[in-house]
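Working notes, beginning with the structure itself.
Computed from a predicted structure; not experimentally measured. Numbers for residues simply follow the sequence, beginning at 1.
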Amino acid sequence: MTTTFRNKTVVCAVIGFAGLGAGFAIDPRTAFASYLVAWTVVCAIPVGALAVLFTAYLVRAGWTHDLRGLLSTAALTLPAVAILFIPVLIGMAHVYPWVSDPAHLPPFKAAYLTPWFFTSRTILYFAVWTALAVWGALAYGDDAAMKRAASVGLIVWALTSSWAGVDWLESLEPGFHSSIYGLLMISFQLLAGLGFAIAALLLLSRTRQMSNAAYAGTLLSVLLLWAYLHAMQYIIIWSGNIPDEVVWYLERLKGAWGFALWALFIFQFILPFFALLSERVRNSSNALLWLAVATVALRYLEAAIFILPPLDLVGVALWLDIPASVLATAAVWLLAWQLAGQLWQEKFSSRAAAPG
């Protein structure tokens, strides 16, 4: 990235945080909720990239070799993402109902959902993920070390990522619980991390070991996993017909949210699925780039569907807060990614001759 791009990114970050400042002054609850939506997507990119990186350490193929550097630099931005979570901790009382009204919770949830314990778990998640990212970067180029890091890292990642999803998003509705919710967050993060890596590869890399079809097939497999998990949650809740669970869908089918839910299903699964069945699309760099960019962009829609409906937010403040939040968090993350890329080039690029 050039100095000009860096300066423009800094300007975007300043504009975004200025807009957020106005949003906090006008309607703090809407501003904090909008920020949580944007932050959730930014967080999902490096967390998902970490899992794809470890998968690439175990699955030796041309596409895995091409993506390793991009995935590693994305994962190394996790400390910056942790810092970006501070506003959520500051304003948690505005979005998490259990902070201001814990009396209606059962004993276990009342003990588990406390601000200090929530904050402690969040710190633990980021400490573990950052350690895994550094371990993965240091292991790069050493076949045995890569296998060890990936074997342990994927297990730890799966557990902590699912727990984090329950803490950060499911707890927005403390009366609701789905046993598959953690897996939904895993698929959310995998799509974000893989989509970003493919888009960055197509935009920045001039030489690749594999054809576009290899990346298209990988993206399709993750899309199928995402769709399967969402379908399973819906089928289980529909067949169980338990009011405390059904209400999760009822809230997301009201008014415009119903259109948003259908839009997510159509643009994230139906259209990409049939598009990727075409050999012409799979081999087209432009088509694959558009699909990868759309995959990352649609994470914002999915995050909004997860977060905003139960908060019942209305008003023009959303039209200010959401764009400002996206601009601020994305700009800061891109700056962190640039710094991580420089670190990668200085410390780890000599390991790029790792076995394929």
Side-chain angles (χ1 to χ4, degrees), residues 7-47 77-102 113-123 125-126 164-165 167-174 185 188 192 251-252 255-257 260 296-297 299-337:
N7 294 337
K8 290 180 178 179
T9 307
V10 171
V11 171
C12 289
V14 172
I15 294 173
F17 279 110
L20 272 176
F24 289 135
I26 297 170
D27 185 350
R29 187 164 183 260
T30 301
F32 280 115
S34 301
Y35 184 86
L36 180 60
V37 170
W39 177 87
T40 298
V41 178
V42 167
C43 177
I45 294 174
V47 176
T77 64
L78 280 162
V81 175
I83 294 172
L84 285 172
F85 194 67
I86 292 175
V88 179
L89 296 177
I90 294 172
M92 69 169 66
H94 291 281
V95 292
Y96 293 102
W98 45 265
V99 175
S100 56
D101 186 22
L113 295 176
T114 54
W116 72 267
F117 196 23
F118 177 89
T119 303
S120 299
R121 292 195 303 273
T122 297
I123 294 172
Y125 297 145
F126 280 108
D167 282 349
W168 296 337
L169 299 191
E170 191 185 51
S171 69
L172 291 164
E173 300 167 273
M185 295 313 303
F188 180 96
E251 289 179 341
R252 288 159 178 82
W257 287 116
V296 177
R299 302 282 64 73
Y300 286 99
L301 179 60
E302 186 175 10
I305 292 171
F306 276 131
I307 295 167
L308 298 180
L311 298 178
D312 196 24
L313 301 173
V314 294
V316 296
L318 275 174
W319 296 102
L320 168 66
D321 295 331
I322 289 182
S325 299
V326 172
L327 191 61
T329 54
V332 170
W333 187 81
L334 283 173
L335 288 171
W337 185 57

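Here CE of M185 is found 8.5 Å from SG of C43. Values are rounded to the nearest 0.5 Å. One distance of note links CG of L169 with OG1 of T40; it measures 5.0 Å at 0.5 Å rounding. The OG1 atom of T329 sits 13.0 Å away from atom CZ of F85, with the distance rounded to the nearest 0.5 Å. Here the straight-line distance linking atom CG of D27 with atom OG of S34 works out to 8.5 Å at 0.5 Å rounding. Here the CG atom belonging to L36 is positioned 8.5 Å from the CG atom belonging to L308, to the nearest 0.5 angstrom. Distance OG1/T122 to CE/M92: 7.0 Å, rounded to 0.5 Å.
Here the closest heavy-atom approach between residue P97 and residue P174 is recorded as CG-CD, 3.6 Å. Heavy-atom minimum distance, A336 versus A80: CB-CB, 3.5 Å. Shortest non-hydrogen contact noted between A38 and Y300 is CA-CE2, 3.9 Å. Shown here for L20 and A31, the closest heavy-atom pair between the two residues is CD2-O, 4.4 Å. The heavy-atom pair separating T77 from P46 by the smallest distance is OG1-CB, 3.5 Å. Taking all atoms of both residues into account, the shortest heavy-atom contact from A22 to L320 is CB-CD2, 4.2 Å.
The aromatic rings of W333 and W337 sit parallel to each other, their planes meeting at less than 30°, with 60° as the upper class boundary. Classification of the Y125-W168 ring pair by plane angle, with boundaries at 30° and 60°, yields perpendicular.
Residues F188 and V41 are in side-chain contact: their nearest non-hydrogen atoms beyond the backbone lie under 4.5 Å apart. Counting heavy atoms from C-beta outward, V37 and I322 have side chains that stay 4.5 Å or more apart. Looking at F126 and P79, their side chains never come closer than 4.5 Å, going by heavy atoms from C-beta outward. Taking 4.5 Å as the limit, every side-chain heavy atom of L301 sits out of range of all side-chain heavy atoms of F306. Using a 4.5 Å heavy-atom cutoff, the side chains of F118 and V99 are not in contact. Between I83 and V332 the shortest side-chain heavy-atom distance does not fall below 4.5 Å.
The closest donor-acceptor contact from the side chain of W98 to the backbone of S171 lies under 3.5 Å. In this structure a side-chain-to-backbone donor-acceptor pair under 3.5 Å is missing from R299 to A192. With hydrogens and angles disregarded, a donor-acceptor distance shorter than 3.5 Å links the side chain of W39 to the backbone of V81.
Of the candidates L84, D321, T30, Y35 forms a side-chain contact (heavy atoms from CB on, under 4.5 Å) with just one, namely L84.
Annotation: ring pair (Phe, Tyr, Trp, His ring centres under 6.0 Å) contacts of F24 (sequence neighbours excluded): F32.
In this structure, E173 pairs ionically with R252, as a charged nitrogen and a carboxylate oxygen lie closer than 4.0 Å.
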